[in-house]
Amino acid sequence: MRMNTGEREREGTAIMAEKRKTGVFHIMPLAMMCGHEAERELSRDGSHYSLSSGILPSLGARSNRRVNLPSFIVSPYDRRYRSWETFLVTLVVYTAWVSPFEFGFLEKSRGVLALIDNIVNVFFAIDIVLTFFVAYLDRTTYLLIDSRKQIAWRYLSTWFILDVASTIPSEIARKILPKNLRSYGFFNMLRLWRLRRVSSLFARLEKDRNFNYFWVRCAKLICVTLFAVHCAGCFYYFIAARYPDPSRTWIGASIPDFHEKSLWIRYVTSMYWSITTLTTVGYGDLHAENTREMVFDIVYMLFNLGLTAYLIGNMTNLVVHGTSRTRKYRDTIQAATGFAQRNHLPVRLQDQMISHLSLKFRTDSEGLQQQETLDSLPKAIRSSISHYLFYSLVSNVYLFRGVNNDLLFQLVSEMKAEYFPPREDVILQNEAPTDFYVLITGTMDLIDHSSGTEQIVQLAKSGDLVGEIGVLCYRPQLFTARTRSLCQLLRLNRTTFLSIVQSNVGEGTKIVSNLLQYLKDQNGDPVMEGVSRDIEKMLTHGRLDLPLTLSFAVIREDDLLLHQLLRRGLDPNESDSNGHTVLHIAASKGNEHCVCLLLEYGADPNSTDSEGSVPLWQAMVGKHEDVVNLLIKNGAALSSGDMGSFACTAAEQNNLELLKDIIRYGGDVTLPKKDKTTALHVAVCEGNVQLVEFLLEQGANIDTPDCNGWTPRKLADQQGHEEIKRLFEAKKDFATSSVPVSTPASHSVGRYSSEPAIRLSSNEDRPDLSWERSDRLRKTSFHNSLFGIISAAHVNRQIHSRLLTSVGLLKSTGMYNGSRCHGIPLLRVTISCPEKGNTTGKLVLMPDSLPELLDIGSKKFDFLPTRILTKDGAEVDDVKLIRDGDHLVLASDAWMG
């Protein structure tokens, strides 16, 4: 039966429901562009699915969707049909015993035995009819054939005749057959055809993981042996019973009146002869007496040769399979011992070799092949298992605290579990850093050999890291790691670790921070302090392999590292998930150098995070006046953020100075937040009369409702603030009685009717308005800068003309190279110290004076310089002579002498 694409789509929604209802699955040939495909056939046993034997998808199969069988067609993999087949196997076992027995010992059917035979025949007759409705697997195309015609033709052309012949009752057969073939047992021998079902049953049991393979195999061998003994005994008795002269038979020579003996005695005697012949321990009492018996004995003993070889071969294979591991272990231990003795290895190394090999044998023999099992599975299953087993442990390791779950999942998936016996070296001091380990169980000693003796510096326990410093800093391992007890470790390769972290830049920053904090916590340990200093230097010069973010450098207030990262092309507007940028962090810390660098490389001074905060506000809250002025000169404005939130925050802190700063830097403290709450609402709730009075002076409206409809006036009434209520009444009376004054717009302006007009013609009358541009430009702290010259251009046109002349002069002399921080020139010079062996130099920002530069040099090179020279040897005595990019040499008087 074939279906086109449209039919398959129409039946698609009903497939799963029908499948659960009937328990029948089916694979049909579907026409695809690359040929036919076979879908997997799954049978459900309880709550578990298992791949059926035989059905596999063809290469390139594009669909695994199952479709229904036609009505009255049964799948051969249906669990109910499998149960029917198992029941028939039990009947085959009965047939395998009774058919040879009736052939040899009975001449006609007798009572109960004949009745049971006919009942068994009825069941097999039902199976013949059922077979016409069972789909079959085409062994050429591996497609399940469900066509009734094809099923019937296949059965009729193969096993149908033998099945029918083995099912006909013996009574009917004796009447149909010729007289010389009417023996009762002869026709029954056709029933042995049913034994093919037993072979199929054992093949399935050998693959079933619920049964032990060894015992299934032994049971099969025992069944084959017993069946051979039974058949041979029955056939041999048949020859004796039908021989003309009973006295010249094998049994007649021993028991002359054997015909008169009971059936049980004759059967036991036959089995006795068969088993002694099979085991080659005869012939003493029972042996062949005539030619027929001799011929049968010859054939039987030849058969025994093959059967004995089969039995011995299978049993040997089963036994060898169980002992091969022990033999391999002994060979390995002997080879390791011979190697150690031949090369005169120390006893300690010999013990470590033997301990490791013994532990490996123990884990293998006890089925603890964790890594071997994981490696044989697909990556998805492998990752899920590792996550289940080790994730909770790795997430608590100090190095990965705060790291996101995605990175941890990737790291755990790449870790490999290993066992180490006691007193074994896992890491050697000063070896190359290729791996680091997480200790799962057991304890380890970290040993220092630098003093010439072994000194235990630390005891590692479950959850600790070993070898991480060498891996992260790419330096020789600091200590030897030696196990104290049986340890299980998680090993992670350095290359794999770095490749994963490289794709998670922010997480690499957290890892470095965790490492530095860990080293800082090792108080009093000179080794760890030295490592911490080395890592600091590596960070400063950008030589650490781990990826770092700008926020990491800004949090550490390391402007040199920040400069290195910016030169690599990192985004100066880097932000976290809340929109909090690096400039926000630098402004909150008040680091003027970091703010300058970020602005120079294009950081947005008005970037807003999810809470509406801007860098200027962060600097104001931290009271960093220099940073505030720097941001304002580069275009920062409070209006870019949530002004109402700023004012409310200041009011919540009862911070009048901060409110004044908002106004001084161009803000408006009367604006509401997103929820319509104003600073006046907050001040009333706080009961701060001074803040309320100040806000009223700035024009705050006492009747502005918030999102709940509450106005400041209502809040004052509800909370009973009498003094605030008097202020509100005075405000209301003043607003009612005051008369607006008409003033020319060119001379003065007032924002509110209750506010006195502000004259704009003179700055001298407004000393408190320091936020205005003219006053801000006069107070600039950037001496001798082009910005300082340009900022005064609006005061005097003649200064503007001199400015143009100065710029041209600076360009011609090379002092002006366009390196600006939105108007702030940054001079970067290279300083070196030949006196201390440093000739390549270090790049630093040029301070405002020569003494400051000498102080920087003393810190960088750990000595006291007294002079600054050019690279050609000329002494520099004025900071104005230094240009951007100059190479300066620091020297002392003794060195000059």
Notebook entry, point to check: If only atom types and distance count, is the side chain of Thr269 paired as donor or acceptor with the main-chain N or O of Ile265 below 3.5 Å?
Noted result: yes
Item checked: His230/Tyr267 aromatic ring centres below 6.0 Å -> yes
Item checked: Any donor-acceptor pair under 3.5 Å from Thr308 side chain to Leu305 backbone -> no
Item checked: Gap between atom NE2 of His287 and atom OG1 of Thr276 - 0.5 Å precision -> 12.0 Å
Notebook entry, point to check: Below 4.0 angstrom, N of the basic side chain to O of the carboxylate: do Glu414 and Lys379 qualify?
Noted result: yes
Next item on the list: Look at the side chain of Thr483 and the backbone N and O of Glu424, then say whether any donor-acceptor pair between them is shorter than 3.5 Å.
Entry: yes
Next item on the list: Any chance you could measure Arg292, atom CZ, to Asp297, atom CG, to the nearest 0.5 Å?
Entry: 14.0 Å
Check: Does the side chain of Asp127 reach to within under 4.5 Å of the side chain of Arg197, using non-hydrogen atoms?
Finding: yes
Notebook entry, point to check: Does a sphere of radius 6.0 Å around CZ in Phe123 hold more than 12 heavy atoms from other residues, nucleotides or ligands, not counting ones at 6.0 Å or beyond?
Noted result: no
Margin query: Using the ring pair (Phe, Tyr, Trp, His ring centres under 6.0 Å) definition, which of the options Phe296, Tyr236, Phe258 pairs with Trp250?
Written below: Tyr236
Next item on the list: Could you check whether the rings of Tyr237 and Phe105 sit parallel, tilted or perpendicular, using 30° and 60° as the cut-offs?
Entry: parallel
Next item on the list: Could you walk me through whether Phe202 and Cys223 pass the side chain to side chain contact (heavy atoms under 4.5 Å, CB included) test, one step at a time?
Entry: CA-CA 11 Å; Phe202 275 110; Cys223 290; 4.1 Å; yes
Item checked: Ring centres under 6.0 angstrom apart (Trp159, Tyr155) -> no
Notebook entry, point to check: Is there side-chain contact between Tyr437 and Leu490, with at least one heavy-atom pair below 4.5 Å?
Noted result: no
Item checked: Nearest-0.5 Å distance, CD of residue Glu102 to CZ of residue Phe238 -> 13.5 Å
Checklist line | Leu489 and Ile440: CA distance, side-chain angles, deciding distance, side chain to side chain contact (heavy atoms under 4.5 Å, CB included) verdict | finding: CA-CA 5 Å; Leu489 306 176; Ile440 303 176; 5.9 Å; no
Next item on the list: Check the pair Tyr77 / Leu137 against side chain to side chain contact (heavy atoms under 4.5 Å, CB included), numbers first and verdict last.
Entry: CA-CA 10 Å; Tyr77 304 103; Leu137 186 68; 3.8 Å; yes
Margin query: Using only atom types and a distance under 3.5 Å, with no angle test, would you say the side chain of Ser157 pairs donor to acceptor with the backbone of Arg154?
Written below: yes
Next item on the list: Side-chain contact test, heavy atoms from C-beta onward, threshold under 4.5 Å: evaluate it for Pro76 versus Glu85 and give yes or no.
Entry: no
Margin query: Is it the case that the side chain of Thr90 and the backbone of Phe87 share a donor-acceptor pair, with hydrogens and angles ignored and the cut-off at 3.5 Å?
Written below: yes
Margin query: Parallel, tilted or perpendicular, judged at 30° and 60°: which one describes the rings of Phe160 and Phe132?
Written below: perpendicular
Next item on the list: Can you establish whether the number of heavy atoms outside Tyr272 located under 6.0 Å from its atom OH is more than 12?
Entry: no
Next item on the list: For residues Phe390 and Ala417, report the shortest heavy-atom separation together with the two atoms involved.
Entry: CZ-CB, 4.0 Å
Notebook entry, point to check: For the residue pair Pro100 and Thr95, what are the closest heavy atoms and their distance?
Noted result: CD-O, 4.1 Å
Notebook entry, point to check: Is a side-chain N or O of Ser274 found less than 3.5 angstrom from the main chain of Val229, in a donor-acceptor match?
Noted result: yes
Notebook entry, point to check: What is the minimum heavy-atom distance between Asn121 and Pro169, and which atoms define it?
Noted result: ND2-CA, 4.1 Å
Checklist line | Stacked cation flag Arg194 on Phe124, 6.0 angstrom / 45 deg | finding: yes
Note to self: When you measure from the side chain of Asp78 to the backbone of Val74, do you find a donor-acceptor pair of N or O atoms at a distance under 3.5 Å?
What the structure shows: no
Notebook entry, point to check: Does any non-hydrogen side-chain atom of Leu113 lie less than 4.5 Å from one of Val98?
Noted result: yes
Notebook entry, point to check: Would one find more than 12 heavy atoms of other residues, nucleotides or ligands at under 6.0 Å from atom CZ of Arg423?
Noted result: no
Next item on the list: For the pair Phe101 and Trp97, evaluate ring-ring contact (aromatic ring centres under 6.0 Å, His included) and give the outcome as yes or no after the intermediate values.
Entry: CA-CA 6 Å; Phe101 178 78; Trp97 177 83; 5.0 Å; yes
Check: Just checking, any donor-acceptor pair under 3.5 angstrom between side chains of Tyr136 and Asp146?
Finding: no
Check: When rounded to the nearest 0.5 angstrom, what is the spacing between CG in Leu156 and CD1 in Ile151?
Finding: 11.5 Å
Item checked: Whether Asn290 side chain and Arg248 backbone form a donor-acceptor pair below 3.5 Å -> yes
Next item on the list: Give, for atom SG of Cys487 and atom CZ of Phe420, the distance between the pair rounded to the nearest 0.5 Å.
Entry: 9.0 Å
Next item on the list: Quick one: closest heavy-atom pair of Pro421 and Leu486, and the distance?
Entry: CA-CD1, 4.2 Å
Next item on the list: Evaluate side chain to side chain contact (heavy atoms under 4.5 Å, CB included) for Leu278 paired with Thr225, printing each intermediate quantity in order.
Entry: CA-CA 9 Å; Leu278 177 66; Thr225 304; 3.9 Å; yes
Note to self: For a quick test of reading the model, state the closest non-hydrogen atom pair linking Met353 to Ala336 and the distance between them.
What the structure shows: CE-O, 3.7 Å
Next item on the list: Might you confirm whether atom CG of Leu263 has over 12 heavy atoms from other residues, nucleotides or ligands at distances under 6.0 Å?
Entry: yes
Next item on the list: To the nearest 0.5 Å, tell me how far Tyr94 OH sits from Ile116 CD1.
Entry: 5.0 Å
Item checked: Closest non-hydrogen atom pair between Arg191 and Ser166, with its separation -> CG-O, 3.3 Å
Notebook entry, point to check: Are the ring centres of Tyr300 and Trp273 closer than 6.0 Å?
Noted result: yes
